[in-house]
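Computed over heavy atoms, backbone and side chain alike; hydrogens, waters and symmetry mates excluded.
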Amino acid sequence: MSLAWRTSKRVLPLDERPLVMGILNVTPDSFSDGGEYFSVEASLLRAEKMIADGADIIDVGGESTRPGSSRVDASEEIRRTAPVIRAIAERFPIPLSIDTSRSETAAAAIDAGAEIINDISGLRFDARIADIAIKTGCGLVLMHSRGSFETMHSQEPLPDMISEVISGLRHSINLARSRGAEDRQVALDVGLGFGKTFEQNLELIAKLDKIVSAFPSFPFLIGASRKSFIGKILNGAPVDERLYGSLAAAMACVERGARIIRVHDVKDSVAALSILNAINAFGSDGSVEEVN
């Protein structure tokens with residue numbers, strides 16, 4: 001089945017190759033790069049670098065979702081993200097996503113030039129996000145998570161996380177549909193690192209193809225980049241030493257059906273995808289098809 005993802009400004013084809021979504025955190029306390037791109041000027045430079053490195057989408061976030069983080073006011077989240085989105089949109093034609101679970105922030109970001117809403121709560125925190133998606137036609141990422149904002153990283157693990165993720169994603173899809181969203185606007189995310197044990201994160205990657213097959217009409221976005229489970233595998237490697245593990249996890253996800261990978265390290269991820277695409281494009285006649 002051919003897959004494409006519709007945003008408010010374009011249709012993103014997903015059959016030829018997976019897309020790379022670059023992460024741009026404009027927060028003082030992100031687990032990976034908090035404070036590094038907190039100004040509009042620094043964010044613009046970072047966006048320009050990610051675009052040069054091959055990013056297909058840039059995901060802008062103004063509220064850290066790391067374990068132990070606290071919510072900020074919607075007004076502060078908007079103050080952080082809207083000027084950055086506006087500045088990037090005015091300068092570059094790349095699709096922009098707003099990483100938020102608040103409808104007020106989503107609306108401000110769309111007004112500033114974003115065309116995708118990336119909701120870690122899968123509409124659980126604020127179902128009005130679906131109304132904005134319907135009104136504007138923007139893309140909508142629905143991620144699996146459990147609990148409130150404050151407790152989603154400390155949920156008691158469930159015994160069958162595969163079934164739980166499938167059930168949770170179905171609930172989010174049905175909620176979006178009930179408010180009028182079209183399936184072609186929606187992408188899904190299993191929520192690696194959000195309320196899953198170390199073993200369950202690995203199981204979700206290993207069995208991602210099973211989850212993908214349960215939702216054949218929807219593209220899957222996966223964010224494994226620099227996650228804690230990678231650090232644990234690498235003998236406690238700190239965040240800035242998880243690149244190779246992140247690449248391996250992302251490629252494993254792509255091999256099992258992910259069509260968008262959300263990453264901190266765009267250039268390295270694009271390079272890894274190029275190798276994977278070249279291998280997968282190798283023709284039976286012994287020739288290599290041209291790949292991007």
Side-chain angles (χ1 to χ4, degrees), residues 5 7-8 21 23-32 34 57-82 84-85 95-112 114-136 138-155 164-165 167-181 185-196 218 220-223 225 227 260 262:
W5 188 21
T7 76
S8 55
M21 173 185 277
I23 299 168
L24 180 55
N25 290 316
V26 288
T27 62
D29 58 347
S30 168
F31 86 97
S32 178
I57 305 165
I58 293 178
D59 188 40
V60 180
E63 181 177 59
S64 175
T65 56
R66 63 178 174 80
S69 59
S70 299
R71 299 228 76 172
V72 299
D73 291 338
S75 59
E76 174 63 14
E77 190 181 16
I78 292 168
R79 187 191 70 79
R80 294 175 180 179
T81 56
V84 169
I85 290 170
L96 298 175
S97 168
I98 176 66
D99 179 5
T100 188
S101 55
R102 285 195 180 100
S103 56
E104 304 99 310
T105 305
I110 298 298
D111 287 343
E115 57 191 89
I116 297 164
I117 304 170
N118 182 10
D119 178 12
I120 63 164
S121 80
L123 302 179
R124 292 186 305 108
F125 296 169
D126 188 347
R128 292 172 298 175
I129 282 178
D131 302 333
I132 295 167
I134 296 156
K135 180 179 178 180
T136 63
C138 68
L140 178 61
V141 181
L142 301 175
M143 193 190 87
H144 174 271
S145 59
R146 299 164 53 228
S148 67
F149 185 93
E150 291 78 13
T151 66
M152 59 186 171
H153 289 290
S154 58
Q155 293 292 299
E164 160 62 24
V165 167
S167 175
L169 290 176
R170 281 183 177 148
H171 176 78
S172 293
I173 290 169
N174 289 335
L175 181 53
R177 285 171 171 168
S178 72
R179 300 180 84 98
Q185 294 176 258
V186 174
L188 304 175
D189 182 346
V190 300
L192 293 175
F194 285 80
K196 285 86 175 177
F218 298 91
F220 271 77
L221 180 155
I222 301 295
S225 183
K227 295 282 186 176
I260 308 116
R262 183 177 180 271

Checklist entry - Which heavy atom of S121 sits nearest a heavy atom of S101, and at what distance? => result OG-CB, 4.1 Å

Next on the checklist: Testing the basics here: between G147 and F125, what is the closest heavy-atom pair and its distance to 0.1 Å?
Outcome noted: O-CE2, 3.4 Å

Checklist entry - When you check the gap from the basic side-chain N to the acidic O, do R102 and D126 get nearer than 4.0 Å? => result no

Checklist entry - Are the side chain of R124 and the backbone N or O of S145 linked by a donor-acceptor pair below 3.5 Å? => result yes

Checklist entry - Can you check whether K196 reaches H144 side chain to side chain, under 4.5 Å on heavy atoms? => result yes

Next on the checklist: What's the separation between atom CD1 in I132 and atom CD1 in I110, rounded to the nearest 0.5 Å?
Outcome noted: 7.5 Å

Item to check | From I117 atom CD1 to I129 atom CD1, the distance as rounded to the nearest 0.5 Å | outcome: 6.0 Å

Checklist entry - Between R179 and A127, which heavy-atom pair has the shortest distance, and what is it? => result NE-O, 3.3 Å

Checklist entry - Nearest heavy-atom pair of G191 and D189: which atoms, and what distance? => result N-OD1, 2.9 Å

Item to check | Side-chain heavy-atom pair I260, W5 within 4.5 angstrom cut-off | outcome: yes

Next on the checklist: Against I57, only a single residue in T7, I116, L221 fulfils side chain to side chain contact (heavy atoms under 4.5 Å, CB included); can you say which?
Outcome noted: I116

Checklist outcome for this item: CG of L175 to OG of S178, rounded to nearest 0.5 Å, is 4.5 Å

Next on the checklist: Could you report the tightest heavy-atom contact between T136 and S8, atom names first, then the distance?
Outcome noted: O-CB, 3.2 Å

Checklist outcome for this item: d(T100 OG1, D59 CG) to nearest 0.5 Å is 10.5 Å

Checklist entry - I120 and E63: side-chain contact (heavy atoms from CB on, under 4.5 Å), yes or no, with the steps? => result CA-CA 11 Å; I120 63 164; E63 181 177 59; over 6 Å; no

Item to check | Test ring-ring contact (aromatic ring centres under 6.0 Å, His included) applied to F194 - qualifying residues, sequence neighbours left out | outcome: H153

Checklist entry - Can you tell if the side chain of I173 reaches within under 4.5 Å of the side chain of L188, non-hydrogen atoms only? => result yes

Next on the checklist: What I want to find out is whether E77 reaches R80 closely enough, with some N-O distance under 4.0 Å, to be called a salt bridge.
Outcome noted: no

Next on the checklist: For the OG1 atom of T81 and the CD atom of E76, what is their distance to the nearest 0.5 Å?
Outcome noted: 9.5 Å

Checklist entry - CG/N174 to CG/L123 distance, rounded to the nearest 0.5 angstrom? => result 11.0 Å

Checklist entry - Do you know the tightest heavy-atom contact between C138 and Q185? => result O-NE2, 2.8 Å

Item to check | Residues which pass side-chain contact (heavy atoms from CB on, under 4.5 Å) with R170, listed by chain and number, not counting sequence neighbours | outcome: I166, A214, F215

Next on the checklist: Could you tell me if the side chain of M21 sits less than 4.5 Å from the side chain of D99, heavy atoms only?
Outcome noted: no

